[in-house]
Asks: 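This is the structure, below, for whatever I ask next.
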Amino acid sequence: MVRGASKADKKLAYDAKLCQLIDEYSQILVVAADNVGSNQLQNIRRGLRGDSVVLMGKNTMMKRSVRIHSENTGNKAFLNLIPLLQGNVGLIFTKGDLKEVSEEVAKYKVGAPARVGLVAPIDVIVPPGNTGLDPSQTSFFQVLNIATKINKGTVEIITPVELIKKGDKNALAIAVATEYSFPEAEQVKEYIKDPSKFAAAAPAAAASSGGAPAASAAKVEEKKEEPEEEEDEDFGMSLFD
């Protein structure tokens, strides 16, 4: 794509690119691209060179280009792609074996740190075990209703703690990092601000609970369906031409 081109020219170039790939390649994979960085995508592109081409772009642009191809060729089969173009996705055009292409892409899967606002791709559970923290830190776990005991001078989590489920967002993490709040989050924010306030409250909290372990974890809120992204001047072609 030519730098400095107008928005209309970029749209036309993207349409031509996608239509050309549809004509040239016999198979198309729709791939999720959540939490995938540009370097990671570049590595995937290099790994697929030869039989496959990766194309990214706004969903609205991809849908537009698919419709244009259908109108120009009379081939309605590719319109089946449109319902699949939801969320952060890309297209892999290939002449190779789909299983082999999927396995090649999977080679570049890497772990990534959680960030506020992202949807969890898997369940996140903290297993029972020693935390390595000294007993003065028990108040932090009590604020979160995580059952612990002191073992060999360190804090140990007694039962598995489900922090978040696949497809959910951690409302507590969001609240801590933003002005959004709810009662439990206010406690955590207060603790982070001044942990010393909870040092004296910890024994009282333990006594009032009668020693019964509580297994509830931080509250979560279900993922809300996000509106379709609006078009802008970056159609994602620079990384994958």
Asks: What pair of heavy atoms forms the shortest contact from Asn80 to Pro83, and how long is it?
Replies: O-CD, 3.3 Å
Asks: Applying the 4.5 Å side-chain criterion to the ILVMFWY set and letting contacts propagate, would Ile28 and Leu79 be lumped into a single cluster?
Replies: yes
Asks: For a quick test of reading the model, state the closest non-hydrogen atom pair linking Ser70 to Asn75 and the distance between them.
Replies: OG-O, 3.3 Å
Asks: Over 60° means perpendicular and under 30° means parallel, so classify the ring planes of Tyr25 and Phe93, tilted if in between.
Replies: tilted
Asks: Check the pair Met62, Leu81 against side-chain contact (heavy atoms from CB on, under 4.5 Å), reporting the backbone distance first and the verdict last.
Replies: CA-CA 9 Å; Met62 289 190 282; Leu81 282 172; over 6 Å; no
Asks: Hey, could you give me the OH/CG distance between Tyr14 and Leu55, rounded to the nearest 0.5 Å?
Replies: 4.0 Å
Asks: Are Glu103 and Lys107 within salt-bridge range, i.e. N to O under 4.0 Å?
Replies: no
Asks: Do Leu85 and Ile68 sit in one hydrophobic cluster, given that two such residues count as connected whenever their side-chain heavy atoms are within less than 4.5 Å of each other, even indirectly?
Replies: no
Asks: Counting C-beta onward and ignoring hydrogens, is there a side-chain heavy-atom pair between Asn59 and Val89 closer than 4.5 Å?
Replies: yes
Asks: Taking atom CG of Asn88 and atom NZ of Lys58, what is their separation to the nearest 0.5 Å?
Replies: 8.5 Å
Asks: About how many Å separate CG of Leu91 and CG of Leu21, when rounded to the nearest 0.5 Å?
Replies: 9.0 Å
Asks: Going by heavy atoms in the side chains, are Asp15 and Ser65 under 4.5 Å from each other?
Replies: yes
Asks: With rounding to the nearest 0.5 angstrom, report the NZ to CD distance, Lys63 to Gln86.
Replies: 4.0 Å
Asks: Looking only at non-hydrogen atoms, find the nearest pair between Val30 and Leu84 and report the distance.
Replies: CG1-O, 3.9 Å
Asks: Of all the heavy-atom pairs spanning Glu24 and Lys95, show the shortest one and how long it is.
Replies: O-CE, 3.4 Å
Asks: Just wondering, do Val101 and Gln27 contact through their side chains at under 4.5 Å, heavy atoms?
Replies: no
Asks: Please report the interatomic distance CD1(Ile150) to CG(Leu133), rounded to the nearest 0.5 Å.
Replies: 9.5 Å
Asks: Quick check: are there more than 12 heavy atoms from other residues, nucleotides or ligands sitting under 6.0 Å from CG of Asn39?
Replies: no
Asks: Any side-chain heavy-atom pair from Leu41 and Tyr108 closer than 4.5 angstrom?
Replies: no
Asks: Go through the side-chain N and O atoms of Asp51 and Thr94 and say whether any donor and acceptor fall under 3.5 Å apart.
Replies: no
Asks: Side-chain contact test, heavy atoms from C-beta onward, threshold under 4.5 Å: evaluate it for Phe141 versus Thr131 and give yes or no.
Replies: yes
Asks: Which residues satisfy the salt bridge (Lys or Arg N to Asp or Glu O under 4.0 Å) test with Glu71, sequence neighbours excluded?
Replies: none
Asks: For the hydrophobic clusters of this structure (ILVMFWY residues joined by side-chain heavy atoms under 4.5 Å, transitively), does one cluster hold both Leu12 and Met56?
Replies: no
Asks: For Asn130 and Glu156, work out which heavy atoms get closest and say how close.
Replies: N-CG, 3.9 Å
Asks: Side chains of Leu18 and Met61: does their closest heavy-atom pair fall under 4.5 Å?
Replies: no
Asks: Below 4.5 Å, heavy atoms only, C-beta onward: do Val54 and Leu48 meet side chain to side chain?
Replies: yes
